[in-house]
Each structure stands twice: as C-alpha cells, then as structure tokens.
Colleague: 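Below is a structure I'd like to ask you about.
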Amino acid sequence: MTIRRMFLCGMAAISMLVPGASSGATQSPGPTSDARLIVDTDKPGPIIDPNIYGQFVEHLGRGVYEGIWVGSDSSIPNVRGIRSDVVAALRKVHIPVIRWPGGCFADGYHWADGIGPANQRPQGINAAWDKSAETNAFGTHEYMDFLDQIGAEAFVSVNVGSGSVREADDWMRYMTAPTASQPGRSRTANGHAEPWAVPFIGVGNESWGCGGNMTADSYAATFRNYASFLRSYSGERAKLIAVGADTDDYDWTDRVMAQAMMWRPHPTPLAYTTDQPLMWGLSLHFYTFAGNDWRNKGRNIGFGTAEWAAALARANLTDELIRRHSAIMDKYDPDKRVALAVDEWGAWFQSEKDAPSQLYLESTLRDAVIAGLSLNIFNHHADRVRMANLAQMVNVIQSLILTDGAKMVVTPTYHVFDLYKVHQGAALVPTEVQAHAYVEGDTRLPGLSVSASKDKAGKLHMTLVNLDPARASTVYITLRGGRWRTATAQTLTADRIDTRISFDAPDPFIPKPLPARIVQDQVELKIASKSVTLLEISQ
Ligand code: AHR
C-alpha cells in the first residue's frame with residue numbers, strides 16, 4: 001500500500017492508503033486492512049461540551065404526542081402523562097439538553113395556548129406540519145416536567161416569525177420570574193411556584209425559510225431587537241442562539257456575525273450594554289441524505305452500497321461545513337466566544353409510503369455509522385461546536401427511540417449515543433490516523449473515523465467508526481504519554497448495511513464486547529466492517 005492523499009479532519013490527519021476492491025453489503029470474513037493511530041494522551045485539548053449530545057424535539061408526527069406524551073389516563077405507564085419507558089431509556093444515555101418546540105412549528109407556536117387546565121387549552125392546528133391537530137396538551141409545564149424526569153436542560157425556541165418581542169418576553173417572564181411577581185403568580189396558579197431555569201433561548205428557527213423568509217440582513221436586525229429584551233429573570237444570563245445558516249450558506253453566517261454579534265458601540269457605556277457578544281451561539285442546520293438533492297433523499301431501507309456511500313459522503317461534509325463556518329466566525333470572533341450550535345442534524349431519508357406518521361423513518365445500521373461519524377466530527381471541533389441537537393429524538397427523522405403505541409424500541413443511533421456518552425465533558429485528545437480509503441464508484445472517503453478524549457478520572461476513550469461496508473480493519477494504536485495498562489472495547493455492527501430495528505424481534509444492535517490487546521504502549525484491536533466501536537483505556 002502506498003500513501004495517496006492527505007486529508008485534515010479536525011485534529012486528525014488522515015492518510016489515505018490505496019484501497020483494494022470494496023464491494024458487498026453483508027458481513028463476511030472478507031478483506032482486512034491495517035490502520036495505525038497515534039494518540040497524544042498527555043496533550044488534552046478543549047473540553048467536549050456535553051451539549052454536543054443534545055436533542056431536538058418538535059411537535060411533528062408522533063415526536064411529542066405518543067413519543068413522549070401519552071396523557072395521565074393512558075394505559076401506557078406514565079408519570080403525569082409522560083411515558084416512563086421513554087424517560088428510562090433517555091436517562092440511561094445522559095441527555096444534556098432538549099431543544100423545543102420546533103423547528104418550523106416554533107414560529108407558529110403561541111406559548112399561552114399551552115398553559116392552564118388541559119381541558120381549557122385551545123384545540124389548535126399545527127400550521128407547520130400538514131395542518132394536523134394540535135391539542136396543546138404538551139406545553140411549557142409538561143416540557144419542564146419531562147426535562148426534570150430525564151435530567152436535561154431547557155432550550156426553548158421562541159416564536160420570531162409570527163410572534164413578537166412582547167410575546168417572547170412574556171414567555172420568559174412566565175417561566176423565570178420570581179414567584180411573587182405577577183407572571184410568577186400565574187405560573188403558581190398553574191401548578192409550579194418556583195421559577196424554572198431556561199439556560200438556552202433560540203431566537204427563531206430557520207428565519208431564512210419557514211421561520212419568516214428573511215434575508216440575513218433583516219434577520220440580523222430582528223435578532224438585535226429580540227436580544228435587547230430577551231432575558232432570564234432567574235439564574236444565569238440566558239444564552240441566546242441566533243438563527244444560523246442552512247448547510248453551506250456562508251454568506252448568512254458572515255452577515256449575521258458582522259451585524260448581530262455585538263451591541264452597537266455607544267459613546268457612553270451604559271448599564272445595560274455589555275462587552276459580551278449578544279449571542280451565545282449561532283446555529284447551523286445540516287441534514288444527511290443519500291446524495292445532495294433535497295428532493296431525492298434516497299430510501300432509508302432496502303438501499304445498496306452506492307446509497308450507503310452517498311449518505312456517508314454527505315455526513316462527512318459536516319467537517320468541511322464546520323471548518324468553513326467557523327473560519328468566517330473567526331473573522332469577527334477570533335477567541336471563539338460564540339459557539340456554533342448545530343441545533344438540527346441527522347439522517348433524513350425518504351419516508352416509506354406506509355410510514356405511520358410524518359417523517360417517521362425506520363432505523364438501520366447506516367444511521368449508527370452516520371451518528372458515529374458526525375459525533376466524532378463534532379468532538380474534533382469542540383473548540384467551536386458547543387452544542388448539537390439530533391433531529392429528532394423520538395419517532396421523527398433520525399431518532400433515538402421509536403414507538404408503536406405501547407411498544408418502544410431503541411435505535412442503532414441510541415446505542416451510539418450510549419457508547420459516546422463517555423466523551424461528555426472530557427478533554428479532546430489529538431489523534432493521528434493512517435487508514436485505508438473507502439472507495440465506492442466516484443466516492444472516496446476516509447475508511448476510519450476516530451475521536452479520543454480523556455475524562456476527569458484519567459480514562460482514555462476512543463470511538464472508532466469503520467465506514468467501509470466490506471473491509472474489516474486491524475487497528476494498531478500507539479499511546480504517547482503515560483503508562484496505560486488495561487483496554488476494553490464494545491462494538492456495534494450488523495449483518496447487512498440495511499439491517500433494521502424491529503418491534504417484534506430482539507435488538508441486533510446491542511453493542512458486544514470486543515477483544516482489545518494492550519502491550520506496552522500499543523493497543524491492538526480488530527474492528528468489523530461497517531461498525532462503531534468504543535475503546536476504553538485505563539492506567
Ligand atoms: O426537523 C424537521 C424540520 O427541518 C424542522 O422543522 C426545520 O427546522 C427543518 O427544516
């Protein structure tokens with residue numbers, strides 16, 4: 001094998017070695033290639049913000065109704081209307097933050113419809129999604145109760161598109177004002193005396209599209225106006241997240257950063273001005289499908305290796321998108337005070353005709369590989385990416401959980417989040433990767449994606465994704481710095497690239513132990529083709 005090309009992927013240098021033939025969709029002993037990794041365990045980088053493992057939930061299809069909310073009179077076990085099986089599954093993977101109520105839904109949502117006695121709430125219409133019924137049974141109190149039950153923080157997207165600054169401020173007062181205030185008394189009358197913490201506020205959603213059809217310049221002006229009035233009345237300063245770009249709309253990022261990052265310079269410093277950026281974060285939305293055509297996303301089941309490769313190639317673009325948006329942000333914010341919040345990402349394939357609800361997708365091994373690859377990329381950009389929210393947590397697009405009435409399953413993506421949770425709050429560690437390329441037709445990708453971190457207890461964790469659907473890999477890892485004594489690994493794979501989860505059969509994706517040998521400063525492990533692996537190394 002000879003070295004053909006050199007790519008830079010975050011902190012990892014990936015050398016592409018000439019590949020052999022790559023074909024076939026099922027697992028077999030098949031070809032194997034060697035990969036070499038060097039890990040500088042004593043050079044910790046930025047902390048991986050736990051919020052990179054955040055989620056997004058929208059009133060859409062069965063995402064909220066059935067997926068989370070069943071009502072307290074349901075035969076499905078629940079606590080105050082919130083289904084207990086879903087809560088238990090989410091607690092296990094340590095969900096740090098949940099963005100709600102949308103999505104496109106958010107810019108048509110009027111929060112006051114979702115408070116007060118359930119039987120007096122308006123029977124509304126979900127204007128964003130097919131004019132379906134919106135009972136408003138799940139509103140602010142239910143969302144906060146849900147967060148409490150799973151131990152996550154709030155990220156509320158306020159209505160900019162069809163709302164007003166006044167409405168958004170009233171919502172913040174209702175949620176966060178002291179108990180003795182008028183908004184606090186209303187909240188108390190509805191069952192919650194204590195103010196809630198609302199650490200993150202999304203100022204609109206996709207204001208360039210469904211959220212108002214604005215130009216970057218008009219959004220920047222709108223954001224400045226909202227930012228002047230939106231605040232938390234309890235706890236810390238609210239972190240405002242401005243609407244950022246869709247995919248590669250670099251001009252949007254440039255204009256919003258240029259015009260909306262800071263207070264207008266004022267001749268006399270005033271009490272209300274600050275030298276902190278107005279925005280805590282700027283968002284980015286990026287979805288993966290098989291190819292680059294929104295109208296032809298490709299099937300989510302029954303696909304072949306060409307669509308496997310096309311989807312992974314698109315997911316791999318995440319790295320370039322973050323690098324380029326971040327470079328633009330650097331012009332205005334070289335110290336990286338403003339986070340890039342990838343607050344919608346995930347694999348969005350064509351829904352099958354018999355899909356029981358809107359944007360419901362069955363879940364396959366490909367989703368796990370996309371999740372592993374994307375999360376490794378986010379980890380690599382931990383200096384700028386300080387939040388990411390998978391779209392959407394239950395029953396919609398790339399979910400962690402699927403339900404069918406009373407039945408519930410966790411998806412392959414869920415297992416990836418479970419394996420990767422060890423990175424939350426750990427320090428990114430530099431990795432250098434030499435691995436074969438995965439080639440499929442004209443698509444050429446790094447065969448192996450890796451990220452590594454060191455946690456507070458001093459344990460090293462590496463997550464390795466083998467993108468190649470046919471070629472296993474023997475990985476030799478050189479550990480520089482420290483004495484490392486034990487290594488254990490778990491891996492997730494399946495027989496076929498489109499193996500899917502089912503309500504009626506055992507879960508084929510449960511990660512299994514994988515032998516890992518450690519000799520002096522080198523670890524050796526053999527990872528299967530099309531797999532996601534967690535390696536834990538201790539001193
Ligand atoms: O996640 C589905 C939709 O995708 C969201 O409502 C919108 O923000 C995006 O276009």
Side-chain angles (χ1 to χ4, degrees), residues 54-65 67-68 97-109 124-132 134 138 143 155-163 200-214 216 219 223 241-249 252-253 256 281-289 292-298 300 314-315 318 321 340-351 355 357-361 363 367 370-371 374 387-402 411 413:
Q55 300 295 313
F56 165 42
V57 164
E58 178 168 14
H59 290 235
L60 195 181
R62 291 183 293 116
V64 169
Y65 298 110
I68 296 169
V97 66
I98 297 181
R99 175 176 183 251
W100 172 85
C104 294
F105 178 81
D107 284 292
Y109 182 62
I125 295 168
N126 186 332
W129 297 104
D130 209 19
K131 303 187 187 70
S132 50
E134 170 55 61
F138 191 88
Y143 166 66
F155 172 2
V156 168
S157 279
V158 300
N159 180 346
V160 168
S162 69
F200 297 101
I201 307 176
V203 184
N205 168 75
E206 299 195 350
S207 303
W208 34 262
C210 65
N213 204 11
M214 299 181 199
Y219 176 73
F223 174 81
I241 299 179
V243 168
D246 177 24
T247 313
D248 57 355
D249 186 351
W252 180 281
T253 297
V256 173
L282 179 69
S283 75
L284 169 66
H285 286 187
F286 178 57
Y287 284 98
T288 291
F289 22 86
N292 292 311
D293 181 354
W294 269 94
R295 283 154 304 182
N296 184 16
K297 299 191 182 74
N300 77 313
R314 178 144 172 119
T318 306
L321 293 172
L340 187 63
V342 191
D343 63 11
E344 286 188 29
W345 70 274
W348 186 345
F349 300 109
Q350 202 175 290
S351 300
S357 78
Q358 297 157 48
L359 305 189
Y360 175 86
L361 297 178
S363 198
D367 297 329
I370 289 168
S374 304
M387 182 181 294
N389 307 75
L390 179 76
Q392 302 188 2
M393 194 170 69
V394 190
N395 286 337
V396 177
I397 313 182
Q398 183 169 2
S399 317
L400 296 182
I401 289 173
L402 300 177
T411 66
T413 303

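Whatever order the structure lists ligands and atoms in, that order sets their numbers, starting from 1. When a residue number appears, it is its place in the shown sequence, counting from 1. Small disclaimer: the values here were computed from a predicted structure and weren't measured.
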Colleague: Which atoms form the tightest heavy-atom contact between Ala371 and Gln398, and what is the distance?
Modeller: CB-NE2, 3.7 Å
Colleague: Mark yes or no for whether Trp252, through its side chain, and Val243, through its backbone, hold a donor-acceptor pair below 3.5 Å.
Modeller: yes
Colleague: List by chain and number: which residues place a heavy atom under 4.0 Å from ligand 1?
Modeller: Phe56, Glu58, Gly103, Cys104, Trp129, Asn205, Glu206, Tyr287, Glu344, Trp348, Gln392, Ile397
Colleague: Given the ring of Tyr360, does Arg62 sit roughly above its face, with NZ or CZ under 6.0 Å from the centre of the six-membered ring and within 45° of the axis?
Modeller: yes
Colleague: So which heavy atom on Val203 is nearest to which on Val160, and how close?
Modeller: C-CG2, 3.6 Å
Colleague: Does one side chain, of Tyr65 or Glu134, offer a donor that lies under 3.5 Å from an acceptor on the other?
Modeller: yes
Colleague: For the residue pair Asn159 and Ser162, what are the closest heavy atoms and their distance?
Modeller: OD1-N, 2.9 Å
